[in-house]
Amino acid sequence: MKTSERKLLLNAEPFGFGPSAAVASFFPFLRNAFQCIGYLGKNHTLDLQKDLPYDALHDISDMTDEQADEIIAEYDVFFTVLDCEMAERALALGLKVIMYDPLTWYWHEVPACIKRVNLYLTQDFFGVRERLANEPTLFPPDVHVVPSIVRAVEEKEEPQYVLINLGGLQNPLWSVEDTEQYARVVIQALQGSISANELIIATSSAVAMRLDDPRVRSYSREKMGEIMKASKYAFMTPGLGNIYDVAAFDLPTVWLPPANDSQGQQLHILGKHDMADAWVDWEDMGHPINYWDDQPRVLDTIRNAIHSAEFGELFGGMAEKAHATVMDKETSQTSALLSEFGTGGAEEVAKRVIEFCS
């Protein structure tokens, strides 16, 4: 039964895969409550949305701002994961705006638009509640902290895969060539020690197209769940979405070198709390990086490291040692996150959105 006649427009920031994955996680719990749900986004954020039953899918990758605004104006409520620019435009067009923010703990400076949204939902993590308590004037009146947006998987299937998950490489400050270089080096270094019939490699459709390798694909959120449920262990970029997925599937994991500043901070936070099985950091390869530095500077430093002549050889050596650490593990230390921050946040987010729109 539809509970709201308001037209809901979903959106995700085109920075990494986490925002888009979050939208795909919320959607199943929102679908039956609205007569009309659309998605508006660009580039790789559409990869995880294209197979979901939206009433309309708006690709604005090549649109002008005016054309995108015409689409936004057709809706009543705008629900975004971290796209502050689009949130500002929706507010200016008179829409009610909801924001889901998994990075409340992270911001050097909390984006000004956050205080102006009508409903602010944040995923619990180290430092989130402390920041909300210490800096309440930076956030809107209607704030809700929700548990992690995953659910623990109670029964795993017979392990048959080794997963390399390269989600989270694309961002507005890197070229596709940069992400291709990272992916190519990592795959070449790892494939020799993994049986070909076990190996599954996931990334965005744009990177997969550049690599032109039939083993490298973009998978739906549902399919990725099936793969992780049947995986022995994994190599993953340390985005927060990947981190919580590893916790939910209790999947032994080697964390790959961070592709941006928040990934680097998250990796160090996991290490500090003894919640990481194994990892390869840029510092291990002679490129110490202060992940708490200015974001463009961090990303520029990582880019230089990716294109360095020694990246492949150094990563291969470090990855081999990390690989040996997880090969015989049956559980992941990262799963302790669920005891710390709970589960079922996707359903709670949807409940809050539905109540707001009703």
- What heavy-atom pair brings Ala152 and Leu338 nearest, and what distance separates the two atoms? CB-CD1, 3.8 Å
- Message: ring-ring contact (aromatic ring centres under 6.0 Å, His included), that's the test. Do Trp282 and Phe315 meet it? Break it down for me.
- Response: CA-CA 9 Å; Trp282 291 109; Phe315 172 75; 8.3 Å; no
- For Asp65, salt bridge (charged side-chain N to carboxylate O under 4.0 Å, His left out) partners two or more places apart: Arg89
- Task: Would you check if Val77 and Leu95 make a side-chain contact, meaning some heavy-atom pair closer than 4.5 Å?
- Result: no
- Message: Tyr54: which residues meet the ring-ring contact (aromatic ring centres under 6.0 Å, His included) condition with it, sequence neighbours left out?
- Response: Phe27, Tyr39
- Note on the structure: The complete set of salt bridge (Lys or Arg N to Asp or Glu O under 4.0 Å) pairs with one or both residues in residues 96-113, sequence neighbours excluded, reads none
- Exam field: side chain Trp105 to backbone Arg131, donor-acceptor pair closer than 3.5 Å: no
- Is the backbone of Ile149 close enough, under 3.5 Å, to the side chain of Gln123 for a donor and an acceptor to pair up by distance? yes
- Task: State, with a plain yes or no, whether a side-chain heavy atom of Leu57 is found less than 4.5 Å away from one of Leu52.
- Result: no
- Message: If you count heavy atoms of other groups shown closer than 6.0 angstrom to NZ of Lys329, is the number above 12?
- Response: yes
- Message: For Thr179 and Gln170, which I'm curious about, is there any donor-acceptor pair between the side chains at under 3.5 Å?
- Response: no
- Exercise: identify the closest heavy-atom pair between Thr343 and Val150: CB-O, 3.2 Å
- Message: Donor-acceptor pair, distance only, cut-off 3.5 Å: does the side chain of Ser335 make one with the backbone of Thr331?
- Response: no
- Query: Counting only heavy atoms not in Gln67, do more than 12 sit closer than 6.0 Å to its CD atom?
  - Reply: yes
- Say whether, by atom type as modelled, one donor and one acceptor occur between the side chain of Thr237 and the main chain of Gly167 under 3.5 angstrom. yes
- For Glu177, the salt bridge (charged side-chain N to carboxylate O under 4.0 Å, His left out) test, sequence neighbours excluded, returns Arg210
- Message: For a quick test of reading the model, state the closest non-hydrogen atom pair linking Ile243 to Trp255 and the distance between them.
- Response: CA-CH2, 3.6 Å
- Taking the side chain as every heavy atom from C-beta outward, state whether Trp174 and Phe15 have any atom pair closer than 4.5 Å. no
- Residue list, side-chain contact (heavy atoms from CB on, under 4.5 Å) with Ser332, at least two apart or on another chain: Val246, Asp250, Asp277, Thr334
- Nearest atoms (heavy-atom pairs only) where Asp124 meets Arg129: OD2-NE, 3.1 Å
- Hey, could you give me each pair passing ring pair (Phe, Tyr, Trp, His ring centres under 6.0 Å) that has a residue in residues 219-248? Not counting sequence neighbours. Tyr233-His323, Phe235-His323
- Query: Would you find more than 12 non-hydrogen atoms of other residues, nucleotides or ligands less than 6.0 Å from Glu320 atom CD?
  - Reply: no
- Less than 4.0 Å between a side-chain N and a carboxylate O, is that true for Lys223 and Glu226? yes
- Within the side chain of Gln266, is there an N or O that forms a donor-acceptor pair under 3.5 Å with the backbone of Pro238? yes
- Full working for side chain to side chain donor-acceptor pair (under 3.5 Å) between Gln295 and Asn260: CA-CA 8 Å; Gln295 185 181 72; Asn260 59 53; over 6 Å; no
- Task: Could I get the full list of salt bridge (charged side-chain N to carboxylate O under 4.0 Å, His left out) partners for Asp55, not counting sequence neighbours?
- Result: Arg31
- Query: Which residue pairs pass the ring pair (Phe, Tyr, Trp, His ring centres under 6.0 Å) test with at least one member in residues 329-358, sequence neighbours excluded?
  - Reply: Phe125-Phe341, Phe126-Phe341
- Message: So does Val298 get a backbone contact from the side chain of Asp261, meaning a donor-acceptor N/O pair under 3.5 Å?
- Response: no
- Query: What heavy-atom pair brings Val110 and Ile114 nearest, and what distance separates the two atoms?
  - Reply: CG1-CD1, 3.9 Å
- Please answer whether the main-chain N or O of Ala230 pairs with a side-chain N or O of Glu158 as donor and acceptor at a distance below 3.5 Å. no
- Any ring pair (Phe, Tyr, Trp, His ring centres under 6.0 Å) pairs touching residues 178-201, not counting sequence neighbours? none
- SB check Asp178 Arg303 (cutoff 4.0 Å): yes
- Message: Can you tell me which residue among Thr253, Asn242, Asp245 is in a side chain to side chain donor-acceptor pair (under 3.5 Å) with Asn165?
- Response: Asn242
- Message: Just checking Glu74: does its CD atom have more than 12 heavy atoms from other residues, nucleotides or ligands closer to it than 6.0 angstrom?
- Response: yes
- Note on the structure: Applying salt bridge (charged side-chain N to carboxylate O under 4.0 Å, His left out) to Arg6 and not counting sequence neighbours gives none
- Message: Regarding Thr122 and Thr104, do their side chains bring together a donor and an acceptor under 3.5 Å, going by distance alone?
- Response: yes
Would you tabulate the side-chain donor-acceptor contacts of residues 286-293 under 3.5 Å, counting partners in other chains and residues two or more places apart, or write 'none'?
residue	atom	partner	partner atom	Å
His287	NE2	Glu310	OE2	3.4
Asn290	OD1	Trp292	N	3.1
Tyr291	OH	Asp281	OD1	2.5
Trp292	NE1	Gln265	OE1	3.3
Asp293	OD1	Arg297	NH1	2.8
Asp293	OD2	Arg297	NH1	3.4

- Can you sort out the partners of Phe26 under ring-ring contact (aromatic ring centres under 6.0 Å, His included), two or more places apart, ordered by chain and number? Phe79, Tyr100
- Judged by atom type as modelled, is there a donor-acceptor pair below 3.5 Å linking the side chain of Arg221 to the main-chain atoms of Val23? no
- Task: Keeping the roles fixed (side chain from Ser20, backbone from Thr45), state whether a donor-acceptor pair exists under 3.5 Å.
- Result: yes
